[in-house]
Structure formats: C-alpha cells, structure tokens
Amino acid sequence: RNAVIVDTLKNVVLYGNYGEIKRRKGYAFMTDRAVGVMIEKKDSLFIHADTLYATLDTGQSFKDIFCYHKVKLFRKDLQGMCDSLVYHGKDSTLILYREPVLWSDKNQLTSDSMHIVIHNARVDTMVMYNTAFIISKDDTNRFNQVKGRDMIVYFNSQNEIFKVKVLGNSETIYYAREDDGSLIGVNKVASSDMLIFLEKNALKSITYISQPTATLYPEKDMAPYDRKLRNFKWLEDQRPMKKGDIFVW
C-alpha cells in the first residue's frame with residue numbers, strides 16, 4: 001500500500017498500492033490505483049492506468065513508461081483519455097492509442113492515434129493520425145467542427161491551440177456570426193487540405209487549399225443531421241475536470 005517509485009533525474013513519480021522494481025532486469029511497474037506524475041514547475045501532468053510499466057536505462061533512470069488500459073490524464077490546461085499510452089523519455093513524446101480523446105479549453109480532439117511532443121515543459125505540437133476530428137461548442141446545441149484524414153496541431157506558450165493543418169479529406173461546419181454575436185448562417189466547406197488559425201481558442205481564419213466547395217446555409221434550411229459531420233461524438237461527460245476524476249470510468 002502507498003507504494004512510491006521516484007526518479008529524481010527525470011522528475012517522474014509512480015504511485016500506487018503495489019509496485020516492484022527489478023534493477024537487474026531493467027524495469028519497474030506500478031498497479032492498483034496507479035498514477036504517474038510528470039513533475040513540472042507550473043503544472044504537473046497526472047496519468048492513471050490499470051498498470052504503469054517503466055523501462056530503466058543503465059543509470060537506473062526511467063527510459064520509457066507504458067500505461068496499459070483505461071488511461072486518463074489531467075493537467076489544468078489539458079485533459080485526455082485513451083486505452084493505452086506510451087511516454088518516451090528521450091524525446092519527451094506521448095503517444096496515445098485506441099480511441100484517444102484530448103480536451104484543450106473548449107476544444108475536443110479525437111483520432112485513431114495521437115503523438116504529442118512536449119518541449120520546455122509544455123505541449124509544443126501534436127499529430128493526429130486517421131479520422132482526425134476537432135469539435136468546439138458554439139452554444140448549447142451548436143458545434144463548430146473540423147475533420148480530416150490527419151492533422152498537425154500547434155500550441156503557443158500558454159498551451160493554447162493557435163494553428164491547425166488539416167491534411168486530406170478536409171471538412172468543416174462553422175457557425176458564422178456577426179461582431180455582436182448574431183448568427184449569419186452555417187458555413188459548410190469541403191477541401192483537400194486546410195490551414196486554420198485560432199486566437200484565444202476561438203476561430204480566427206481558415207484557408208482552404210485545393211478546390212474547396214463551400215455553401216453558407218440559413219440555419220432553418222439545414223436538417224439536424226446535416227449539422228454534424230460523419231462520426232461526430234461529443235464526449236464532454238467523460239472529461240476529467242479535476243485530478244481525482246482520472247480514476248473514474
């Protein structure tokens with residue numbers, strides 16, 4: 001009970017109720033309410049999984065950490081969930097597998113797998129592979145949506161998304177509004193690739209690359225099923241809103 005394995009060099013701590021470390025075999029693991037904490041000055045990242053398995057380098061420091069099944073992660077500016085996750089210590093990369101979901105402020109991001117690069121203790125870029133989808137709530141029953149084959153997401157120094165490259169089979173549904181907030185209509189666009197810029201997590205501009213087709217619909221002329229792109233899923237009820245929620249499935 002209350003087991004702890006600490007790597008003071010990498011600033012990583014594993015907590016749980018059962019842990020083992022096999023120095024000669026080069027690995028350690030933690031299970032039973034296992035939590036991995038990647039300690040940072042501003043805001044640490046907490047990752048829970050059924051089992052955390054860490055490989056050790058020749059200096060007995062953590063090399064890679066494998067998080068198996070029912071993974072949830074929490075940081076104040078970033079939350080997520082997936083089936084399995086790998087943290088590569090050498091290049092500070094997180095890889096999320098099997099139905100990963102990430103939430104960044106008002107944005108929900110999903111794809112088949114995600115690669116997150118951490119630089120100087122903050123998220124730098126993220127690559128979303130296959131059926132990449134970003135959803136943000138416009139208001140109670142309206143959702144702005146971006147979909148494509150793959151996406152590259154760029155974060156600024158405040159860990160806010162400021163640029164997104166959509167690569168292949170790009171589609172968007174966007175609720176266009178006047179400066180006073182009144183609704184103009186629903187803009188539905190398809191293109192090969194797109195370049196999207198955001199400011200304070202709100203859409204600033206979209207550049208459609210290669211033969212875009214766009215239609216601005218009055219909202220009353222769109223059937224409810226036409227207002228959502230294929231494979232739309234809003235998963236806000238599964239989002240960990242506080243650190244303790246990483247144990248809830």
Side-chain angles (χ1 to χ4, degrees), residues 1-7 10-19 29-54 62 65-87 92-118 121-124 126 128 132-141 143-145 153 155 158-161 200-201 231-249:
R1 294 184 180 277
N2 301 319
V4 183
I5 302 174
V6 183
D7 184 337
K10 297 287 182 65
N11 283 329
V12 176
V13 183
L14 305 184
Y15 295 97
N17 283 324
Y18 184 87
F29 75 87
M30 188 71 70
T31 189
D32 191 1
R33 291 182 68 84
V35 179
V37 184
M38 296 170 189
I39 300 171
E40 300 171 4
K41 291 181 179 180
K42 292 184 178 180
D43 193 10
S44 297
L45 176 66
F46 296 82
I47 302 174
H48 166 68
D50 287 346
T51 301
L52 304 178
Y53 180 97
F62 292 151
I65 301 175
F66 301 84
C67 308
Y68 292 116
H69 310 308
K70 294 186 177 180
V71 176
K72 275 198 172 181
L73 56 95
F74 176 84
R75 199 168 73 176
K76 289 180 181 178
D77 54 10
L78 189 73
Q79 304 84 44
M81 60 184 291
C82 60
D83 176 78
S84 304
L85 180 151
V86 179
Y87 171 72
S92 298
T93 301
L94 289 169
I95 305 176
L96 286 67
Y97 297 100
R98 295 188 63 182
E99 300 183 345
V101 188
L102 278 181
W103 293 274
S104 173
D105 197 65
K106 297 178 181 179
N107 301 295
Q108 174 189 287
L109 302 90
T110 59
S111 63
D112 285 353
S113 65
M114 298 178 180
H115 291 211
I116 303 172
V117 177
I118 298 174
R122 67 174 183 84
V123 178
D124 183 72
M126 176 171 63
M128 303 163 63
F133 210 134
I134 300 179
I135 305 171
S136 62
K137 184 178 283 190
D138 181 73
D139 63 16
T140 305
N141 296 309
F143 297 89
N144 294 316
Q145 302 155 60
V153 182
F155 292 78
Q158 285 75 46
N159 271 337
E160 298 172 336
I161 297 172
K200 295 182 179 179
N201 285 299
N231 298 322
F232 176 96
K233 291 181 181 179
W234 184 243
L235 303 167
E236 185 72 14
D237 60 332
Q238 300 180 54
R239 181 177 189 174
M241 302 303 293
K242 58 184 184 296
K243 185 171 65 176
D245 290 345
I246 60 177
F247 297 105
V248 179
W249 269 83

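Quick note: residue numbers are just sequence positions, from 1. We use all heavy atoms of the structure for the numbers below, so side chains are in, but hydrogens, waters and symmetry mates are not.
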The reported gap from CG in L109 to CZ in F133 (rounded to nearest 0.5 angstrom) is 11.0 Å

What pair of heavy atoms forms the shortest contact from S44 to V37, and how long is it? CB-CG1, 3.9 Å

What closest approach, in Å, do V123 and I116 show between heavy atoms, and which atom pair accounts for it? CG1-CG2, 3.8 Å

Is the shortest heavy-atom distance from the side chain of M126 to the side chain of L102 under 4.5 Å? yes

Here the pair of heavy atoms bringing P240 nearest to W103 is CD-CZ3, 3.8 Å

With side chains defined as the heavy atoms from C-beta onward, is the minimum distance between M128 and V153 less than 4.5 Å? yes

State which residues pass ring pair (Phe, Tyr, Trp, His ring centres under 6.0 Å) with Y15; sequence neighbours excluded, sorted by chain then number. none

State which residues pass side-chain hydrogen bond (donor to acceptor under 3.5 Å, both in side chains) with D32; sequence neighbours excluded, sorted by chain then number. none

If I take atom CD1 from residue I39 and atom NZ from residue K10, how far apart are they, to the nearest 0.5 angstrom? 13.5 Å

Interatomic spacing from NZ in K106 to CG in D138 - rounded to 0.5 Å: 9.5 Å

Of all heavy-atom pairs between D112 and P100, which one has the smallest distance, and what is that distance? O-CD, 3.4 Å

Y87 side, atom OH; T93 side, atom OG1 - distance, nearest 0.5 Å: 8.5 Å

Looking at side-chain heavy atoms only, is the closest gap between V71 and Y97 below 4.5 Å? no

Minimal non-hydrogen separation, M114 against S111, with atom names: CG-OG, 3.4 Å

Any side-chain heavy-atom pair of N159 and D43 under 4.5 Å: no

Y18 meets the side-chain hydrogen bond (donor to acceptor under 3.5 Å, both in side chains) criterion, sequence neighbours left out, with E20

Would you say E99 has more than 12 foreign heavy atoms packed within less than 6.0 Å of its CD? no

Under 3.5 Å: donor-acceptor pair, side chain of Q108, backbone of K233: yes

Suppose we screen for side-chain hydrogen bond (donor to acceptor under 3.5 Å, both in side chains). Which residues come up paired with Q79, at least two apart in sequence or across chains? R239

Got a second to check how far Q238's CD is from W249's CH2, nearest 0.5 Å? 7.0 Å

Spacing of CE belonging to M38 relative to CD1 belonging to I47, to within rounding of 0.5 Å: 3.5 Å

Using a 6.0 Å distance limit plus a 45 degree cone around the ring axis, check whether K243 lies over the aromatic ring of F46. yes

Test side chain to side chain contact (heavy atoms under 4.5 Å, CB included) applied to D245 and F74, step by step: CA-CA 8 Å; D245 290 345; F74 176 84; over 6 Å; no

The criterion is salt bridge (Lys or Arg N to Asp or Glu O under 4.0 Å); which residues satisfy it with R98, sequence neighbours excluded? D83

Residue list, side-chain hydrogen bond (donor to acceptor under 3.5 Å, both in side chains) with S92, at least two apart or on another chain: none

Keeping E236 on the side-chain end and W234 on the backbone end, is there a donor-acceptor pair under 3.5 Å? no

How about K137: does its NZ atom have over 12 heavy atoms from other parts shown lying under 6.0 Å from it? yes

Of all heavy-atom pairs between S104 and F155, which one has the smallest distance, and what is that distance? OG-CE2, 4.0 Å

H115 side chain vs L94 backbone, donor-acceptor pair below 3.5 Å: no

